[in-house]
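Just so you know, these numbers use all the heavy atoms, side chains as well, and skip hydrogens, waters and symmetry mates.
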Amino acid sequence: MLLGTVLVLLLAGAAPASAHAALRSTDPDDGSVIQRAPRHLTLTFTESVGLLDDSFRVFGPDQRRVHTGEARHADGQSDTARVGLPGKLARGTYTVAWRVVSADSHPVSGAFTFSVGKRSATSAQVDTGPDEDPLTGGLYDAARYLAYLAAALLVGTVAFVLLCRPADTSALRRPLTAAWWTLLGSTLVLLVLRAPYETGAGPAGAFDLSALERTVTSRPGLALLARLAVLLLTAAFLLRLSRHRDRREPVLRAVGATLAVALALTWAAAEHASAGIQVPLAMTSSVLHLVATGVWLGGLVALLLTLRRASVDALTDIVPRFSRIAFASVTVLAVTGLYQSWRGLGSLAALTGTSYGRLLLAKLVAVTALLLAAGYSRRWTARLAAPATAAARTAVPARVAQPVGAGAPGEPGEAGAPDAAGEPEAPEKRQGPPEPAPEPGDADIRRRGLRRSVLVEVAVAALVLLITTLLTTTLPGRAQAEAAQRSPAGTLPPTTLVSVPFDTGGSSGPLSGRGTVQVTLDPARVGENGVQAVVFGADKGLIVVPEVRLTFTLPSRKVGPIDAGLTDAGGYWSANSVNLPLAGTWTMKTTVRVSDVDQVTVEKQVRIAP
C-alpha cells in the first residue's frame, strides 16, 4: 500500500524526456526581425518544465523592463512556457531572459532576442536572471549530502540487524537514531530552501509562504513530502523492531525492504532517473542502486560499531553473513551502475569531454579503492572465521571419542576398542587429538585488523557518496550533447560588440576628431548578420558624423572586402543584412568621416562562428 501511494504521488505525469531541459525553439525566433509586435512569447523545451513567478523577464530597446502577464503552459503542454505581452511594443530589439525548472528538479535559464520592425543598437549585456545564490546553493548541496549519508546509514543499519542478526544491538541504537533525525532534518531544510534554490535567491526567500506553497505542489516538493511520510512510518517500524526479539521473521524483513524501496523512490522520482530515455527502467535501476548502496555502505558502519563490542564467537557468525550480503550488494551496484553510466554519458567521448564524465571517472576510481579495501577486509574475515571452522570440523569426532562412563574400558570410540562388529578399530579410523583452541590474543589481533580495514572502507565510502551528490547536480553528458544539437541551449548567440577608437587629428572638444565607434554584430555567425554602429565623441557623448563605413575581409580565404552598406538610422548607423559566408577571423575596417576632409580607417579582428 505504501509503495503504491509513493508511486502514484511521484510518477504521475512522468514521461520520456531529456535530463535537464534544453530549449528547443522560441516564438518569435531567436534573432528574428518581425514587422508586427507579438501578443505573447512561447518557448518550447525538450522536456516538461515547471514555471516560476519570475520565469520571464523582457527588456525593451531602452533596456527598461516590459510588463508581462503570468507565465503559463501553452495549450496545456507541459514542455512549453508562454507569457503575454502588452498591446503596443516600440520598434527595436527586445531581450527575453527566462528561467524554468526541468523535470529532474534542476533550474535552467537563458536568454534570446527578437526585434520589432528593425534592430536597434544597444551595448547593454543580456541579463539572464539571478544566478544561483552561493549561500543558498551551499546549504542546499550540504543538505543533499547529509540526506544521502543519513539514508545509507539508516537503510544499512536496519538491513544489518535483520540479515546479520547480532545478539547485542545496543551499539547500533544511537547511530540509527542519529541517522533518522539527520534525514528528517535535511529533508526539511531541502523543502524550505527549494524555492530560493529554484529562483536563485538568498536563504531569506525560504520565509516566503507563497513560494513554499508553490514548492509543495511541484514534483520535487511532492518527493520531499513523500520522504517525510516514509520517515514517519520508518519510526514506527524501528520501535517495533527494537521490541521484537526474533529478527528472522519474514514479515519484519518484508516491511523493512518495502520502506527502503519507498525511501529510494523519493530520490529516483525527482532526479536524473525521472527524465531522459527509458524512464521506467532507469527508475528501477536507480532504486536498486540506492538500496544496494545503503545496504553495503551503511552496513559497513554497523559492522564497524559491532566489532568493538561483540565477542569473537559472535563475530564468527556475523562477519561471514555480512560478507555474503556485501558481495550481493556490490554485484547489484556493478550492474545498475554500468547501465546508469551508459544512460547518462551517451558516448565514450563524454567520459573525458564533460564534467559529468570526469566526475564519473572520479567515482570509478573511488569505488575501485573501496573494492580493494573490501578485498583486504575479506582476508581478515576469513582469518576471524577460521577458528570457528576448525572447531566445527572437530566438534562431532570429539563427542564420539568421549566414553559413556568415566573410565569404562572398551567403549566404542576409545582408542584400540572394538567397533560395532566386534573388531578392533583400524588405525586409519582413529581420530587424532583435536586442534588446539586459538589463543585469545590471536582473536583480538584478528578483530583489530578487521576493524581497521572496515574503517578505511567507511572513509572511502563517504567520498563515494560525496561524488554521487555532485553527479546528481551535474548535467549528464547525453543531455549536454542533445542540447548542443538543438538550439542555443538557453544562451544567446555569440553577439559581438566591438569598440573601435579613432583619431583624425582634429582639435579638442566634443566635436574633435577623436572618439569611439561601438559596432554590434548580431549574431556574429555565418550567414545574414545585423550591424549597428554608434559613434561617441571624446566626452563619451553621442555625436553625429557625416559617414560611417564598414567592410569585412577574410584574408585566410581571400574573401572580401564585403561592404556592410550602413545607412544613417537617425542617431546611429545600421544594416539589417550583411552576408558573411564563412566562419573564421575576419578583418573589420571601420572608416569614420567627421568632416569633409577629416576621416580615418581603423582595423579590428572579429570572430564569426559557424
**Item:** Stepwise side chain to side chain contact (heavy atoms under 4.5 Å, CB included) test for Val216 and Leu222
**Value:** CA-CA 6 Å; Val216 298; Leu222 285 174; over 6 Å; no
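- Considering CG of Leu191 and CZ of Arg227, their distance stands at 10.0 Å, rounded to 0.5 Å.
- Judged by distance alone, with hydrogens and angles left aside, the side-chain atoms of Ser285 form no donor-acceptor pair with the main-chain N or O of Leu281 at under 3.5 Å.
- Taking CG of Leu231 as the start and CH2 of Trp180 as the end, the distance is 6.5 Å to the nearest 0.5 Å.
- Within the model, atoms CG of Leu333 and OG1 of Thr293 stand 4.5 Å from one another, a figure rounded to the nearest 0.5 Å.
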**Message:** Set out, in order, the CA-CA distance, both residues' side-chain angles and the distance that settles ring pair (Phe, Tyr, Trp, His ring centres under 6.0 Å) for Trp98 and Phe45, then state yes or no.
**Reply:** CA-CA 12 Å; Trp98 54 266; Phe45 296 88; 5.3 Å; yes
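- Of the residues Leu149, Leu259, Leu238, the one that meets the side chain to side chain contact (heavy atoms under 4.5 Å, CB included) test with Leu154 is Leu238.
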**Request:** Kindly indicate, with the supporting measurements, whether the criterion side chain to side chain contact (heavy atoms under 4.5 Å, CB included) is fulfilled by Val158 and Leu176.
**Result:** CA-CA 8 Å; Val158 172; Leu176 195 59; 3.9 Å; yes
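- Under the 4.5 Å side-chain criterion, counting only non-hydrogen atoms from C-beta, Thr331 is in contact with Phe327.
- At least one donor-acceptor pair closer than 3.5 Å links the side chain of Arg321 to the backbone N or O of Cys164.
- Inter-residue side-chain proximity for Val101 and Arg194 is flagged as met; some heavy-atom pair is nearer than 4.5 Å.
- To the nearest 0.5 Å, the span separating CG on Leu188 from CG on Leu224 amounts to 9.0 Å.
- Between Leu228 and Leu232 there is no side-chain heavy-atom pair separated by less than 4.5 Å.
- Side-chain contact check for Leu43 versus Val83: every heavy-atom pair is 4.5 Å or farther apart.
- Val332 and Ala292 make their closest contact through CG1-CB, 3.9 Å (heavy atoms, listed as atom of the first residue, atom of the second, distance).
- Across all non-hydrogen atoms, the minimal contact from Ala206 to Pro196 is N-CG, 3.9 Å.
- Atom OG1 in Thr258 sits 12.5 Å away from atom CG in Leu263 (nearest 0.5 Å).
- Side-chain contact between Phe160 and Pro166: present, with at least one pair of heavy atoms (C-beta onward) separated by less than 4.5 Å.
- Between the Thr80 side chain and the Ala74 main chain, a donor and an acceptor come within less than 3.5 Å of each other.
- Separating the CG atom in Leu193 from the CG atom in Leu212 is a distance of 10.5 Å, to the nearest 0.5 Å.
- Contact check for Leu139 versus Pro203: side-chain heavy atoms found under the 4.5 Å cut-off.
- In this structure the side chain of Arg57 never reaches within 4.5 angstrom of the side chain of Val96, judged on heavy atoms.
- Aromatic ring pairs are classed by plane angle as parallel below 30°, tilted from 30° to 60° and perpendicular above 60°; the pair Tyr140 and Tyr197 is parallel.
- The two atoms that bring Phe56 and Ala71 nearest to each other are CD1-CB, 3.9 Å, heavy atoms only.
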**Request:** Assess whether side chain to side chain contact (heavy atoms under 4.5 Å, CB included) is satisfied between Thr306 and Phe322, documenting all intermediate values.
**Result:** CA-CA 12 Å; Thr306 303; Phe322 179 75; over 6 Å; no
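- Contact detail for Thr266 and Ala223: the closest heavy-atom pair is O-CB, 3.5 Å.
- Residues Leu305 and Ala171 approach most closely at CD1-O, 3.8 Å, considering heavy atoms.
- Looking at Ser55, its side chain never comes within 3.5 Å of a backbone N or O of Leu51 through a donor-acceptor pair.
- With a 4.5 Å cut-off on side-chain heavy atoms, Leu297 and Val301 do not count as touching.
- Put simply, the side chain of Thr157 gets close to the backbone of Leu153: a donor and an acceptor are under 3.5 Å apart.
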**Asked** Could you walk me through whether Gln77 and Thr44 pass the side chain to side chain contact (heavy atoms under 4.5 Å, CB included) check?
**Response** CA-CA 9 Å; Gln77 299 296 320; Thr44 304; over 6 Å; no
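- Across Ala326 and Trp296, no two heavy atoms sit closer than the pair CB-CD1, 3.8 Å.
- With respect to Val261, the side chain to side chain contact (heavy atoms under 4.5 Å, CB included) criterion is satisfied by exactly one of Val155, Leu288, Leu290, Val287: Val287.
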